[in-house]
Amino acid sequence: MACHSVSNPSAGDKIPATYILTQDQLLDKIKGGWAGQTIGCTYGGPTEFLYNGTMVQDYVPIDWPDGYIKHWFDTFPGLYDDVYMDLTFVEVFDRLGLDASVDSFAMAFATAGYTLWHANQAARYNILQGMMPPKSGHWRNNPHADDIDYQIEADYAGLMSPGMPNTASEISDKIGHIMNYGDGWYGGVYVGAMYALAFISDDIQFIVEKALQTIPKESTYYQCMADVIRWQKQYPDDWKQTWFECEKKWSEEVGCPDGVFLPFNIDAVINSAYILIGLLYGEGDFYKTMDIATRCRQDSDCNPASAAGILGTMLGYSHIPEYWMKNLREVEDLPFDYTDISLNRAYEMSFSQALQVIERNGGQIEGDQITIRCQEPVSVRYEKSFEGLYPTGKMTLLKGIEEIGEVGFEGTGIVFKGYVRATDETYVARVAMYIDGELKETANLPASYTTRRPDLFWNYQLPKGKHTATFHWLNPVPGASVNFSEAVIYSDAFRQIRHP
């Protein structure tokens, strides 16, 4: 059968066999993706995690003064972790080529100078302790495996895979499992697929529905995104109603020890839902898309960054309104913190990588004309984090290791939160954890915030029943402390609440 090109497929259409665009058009879309991500991150940054458990109400102003992006570059460059995290992986591809090993990405990520949190920091710790991917992101080794981390870092995978969502998924399989698993990984797979399809369609409905075919239908992640798509059709003029439906059905937090029993939620599922709400109700309008994704709250810099990056890819750099671009142009030659890569350099690197990926996957580059061999999305494999685990309680500890004594609990798993402090930041505490008198782990616990273990200890595979945990500090020194803050307890079912 002869290949053919279809322009701008819409909802209900099939993926075209091939898609033709010029080199300038391809570069314009890649630039639009990076630009949208940077603008969206800036727009939502001041609201990040300030409105947990509610939306950012319409009367709350979200400002966009002149010089705003440059202001954040100068005063709080860490805001752009969404971007410089991506650039870590872009740089490895640039330096080592498309076949760079997963260990190369893992070590570049783990040894970078930036501060990390949640799944990223747990993975960094694991890698520096010798546990390489995919084990570094697996939920048994990473209590944050379902968190948003790879979701906010997957933009590069779609930008280098125009029209090829399965290729983006293959890249995400390798790199996304450095820090995530299950629903946490699916967040990055879905975002990458939406970016890839934004190159070949200007129909948001087509992009979000086709991209969802990369996610296994039995997953919680798929079911939530499918609900958002359905609710948007049911309530086409009321994004807040869809937001409320999400809160009722999908705002439960099981994994992240920092969010269980609290309104804080960094889980990939609910935050991806907010990206999707922004895209669907934004109706292709750059401001409206960012604003809705931001006002859904929680990780409200990362979510509008992803939504605006996907939309920016669809629209192209040249079609992002000048109101937003004026601030961006002031920083395009400035390297992001912790890197020597500017936006202008990122545009070039992703463009070069996209051309390589197009040719490797059967596309052609003939002069100015590029022919992409498009891909019908295929589901990645099914994964489930924290299978059969349900949080049943939280225990406040607030004790140093010398006072912690014996901790009793009932269930099938536990996570101990806490931290190490030392006058010498190079100090690494060695602590043994015993459960029911049996040594379960001897862990290295760095005092350094950059290399810390974000949770002191955990075990998810205990027989159901009553247990005791004890700890032995093997190398105490003056000026150091090992501090327990609280513990999250799990069992094989939610605790039934009975009222008199």
Side-chain angles (χ1 to χ4, degrees), residues 26-41 80-102 104-106 108-109 112 114 116 120 123 133 137 148-180 185-199 211 214 268 275 302 305-314 317 335-336 338-358 360-361:
L26 177 65
L27 178 59
D28 190 57
K29 286 181 171 292
I30 288 171
K31 291 173 65 176
W34 284 114
Q37 184 185 10
T38 307
I39 294 167
C41 183
Y80 298 101
D81 57 345
D82 298 61
V83 183
Y84 59 64
M85 284 292 302
D86 285 38
L87 294 177
T88 299
F89 308 128
V90 173
E91 187 277 332
V92 173
F93 277 121
D94 185 68
R95 178 164 46 88
L96 300 178
L98 297 184
D99 296 317
S101 69
V102 65
S104 299
F105 294 102
F109 155 87
Y114 40 66
L116 294 172
N120 280 332
I148 197 176
D149 302 58
Y150 185 62
Q151 178 176 301
I152 75 173
E153 299 152 14
D155 313 70
Y156 74 94
L159 289 171
M160 66 189 291
S161 308
M164 296 172 283
N166 301 327
T167 298
S169 295
E170 290 169 7
I171 295 168
S172 290
D173 189 1
K174 179 162 65 174
I175 298 175
H177 282 108
I178 292 173
M179 67 291 290
N180 284 103
W185 175 50
Y186 295 147
V189 172
Y190 188 44
V191 165
M194 286 192 285
Y195 268 97
L197 294 173
F199 283 90
T214 62
I275 295 171
C302 298
S306 297
I310 293 162
L311 184 60
T313 304
M314 189 190 86
Y317 180 93
F336 287 92
Y338 309 106
T339 80
D340 58 1
I341 304 172
S342 66
L343 274 171
N344 278 329
R345 177 69 180 128
Y347 303 154
E348 296 170 1
M349 295 166 79
S350 285
F351 180 65
S352 172
Q353 290 161 17
L355 294 177
Q356 294 174 58
V357 172
I358 288 167
R360 173 169 288 197
N361 287 274

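In this structure, Gly187 and Gln151 approach most closely via the heavy-atom pair CA-OE1, 3.6 Å. Of all heavy-atom pairs spanning Pro165 and Ala193, the tightest one is CB-CB, 4.0 Å. The nearest pair of heavy atoms linking Ala100 to Lys174 is O-NZ, 2.8 Å. Nearest heavy atoms, Tyr80 versus Cys41: CD2-SG, 4.1 Å. The shortest heavy-atom contact between Ala346 and Ile341 is N-CG2, 3.8 Å. Listed here is the closest heavy atom pair of Ala198 and Ile310: CB-O, 3.6 Å.
Counted by atom type alone, Asp149 and Asn180 present zero donor-acceptor pairs between their side chains at under 3.5 Å.
The closest side-chain heavy-atom distance from Leu26 to Ile358 is below 4.5 Å. Two residues are said to be in side-chain contact when any heavy atoms from C-beta on lie closer than 4.5 Å; Thr38 and Phe336 meet this criterion. Gln37 has its side chain within reach of Asp86: a pair of non-hydrogen atoms, C-beta onward, lies under 4.5 Å apart. In this structure, Trp34 and Leu87 have side chains that are in contact, with non-hydrogen atoms separated by less than 4.5 Å. In this structure, the side chains of Leu116 and Met179 stay at 4.5 Å or more apart for every pair of heavy atoms. Using a 4.5 Å heavy-atom cutoff, the side chains of Phe93 and Val357 are not in contact. In this structure, the side chains of Thr167 and Arg360 stay at 4.5 Å or more apart for every pair of heavy atoms. Side-chain contact check for Ile30 versus Phe199: some heavy-atom pair is nearer than 4.5 Å.
Scored by the ring-ring contact (aromatic ring centres under 6.0 Å, His included) test, Tyr84 finds Tyr114, Tyr338 as partners (sequence neighbours excluded). Shown here are the ring-ring contact (aromatic ring centres under 6.0 Å, His included) partners of Phe89, two or more places apart in sequence or in another chain: Tyr156.
Here the CG atom belonging to Asn361 is positioned 11.5 Å from the CD atom belonging to Gln356, to the nearest 0.5 angstrom. Atom CE of Met85 and atom CG of Asn120 lie 4.0 Å apart (nearest 0.5 Å). The distance from atom CG of Asp81 to atom SG of Cys302, rounded to the nearest 0.5 Å, is 5.5 Å. For the atom pair CE (Met314) and CE (Met194), the distance works out to 12.5 Å, reported to the nearest 0.5 Å. Once rounded to the nearest 0.5 Å, the distance linking CG of Asp94 with CZ of Arg345 reads 5.0 Å. With values rounded to the nearest 0.5 angstrom, Ser350 atom OG is found 5.5 Å from Leu159 atom CG.
Although no hydrogens or angles enter the test, the distance criterion places a donor-acceptor pair under 3.5 Å between the side chain of Thr214 and the main chain of Ala211. Within the 3.5 Å criterion, the main-chain N or O of Glu348 finds no donor-acceptor partner in the side chain of Ser352. A distance-only check finds a donor-acceptor pair linking the side chain of Trp185 to the backbone of Ser172 [under 3.5 Å].
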**OP:** Evaluate the criterion side chain to side chain contact (heavy atoms under 4.5 Å, CB included) for residue pair Ile171 and Met160; output intermediate values, then yes/no.
**Re:** CA-CA 10 Å; Ile171 295 168; Met160 66 189 291; 3.8 Å; yes
**OP:** Dump the intermediate steps for side chain to side chain contact (heavy atoms under 4.5 Å, CB included) on Tyr150 and Ile178, then the final yes or no.
**Re:** CA-CA 9 Å; Tyr150 185 62; Ile178 292 173; over 6 Å; no
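Relative orientation of the Tyr347 and Tyr317 rings is perpendicular, given thresholds of 30° and 60° on the angle between their planes.
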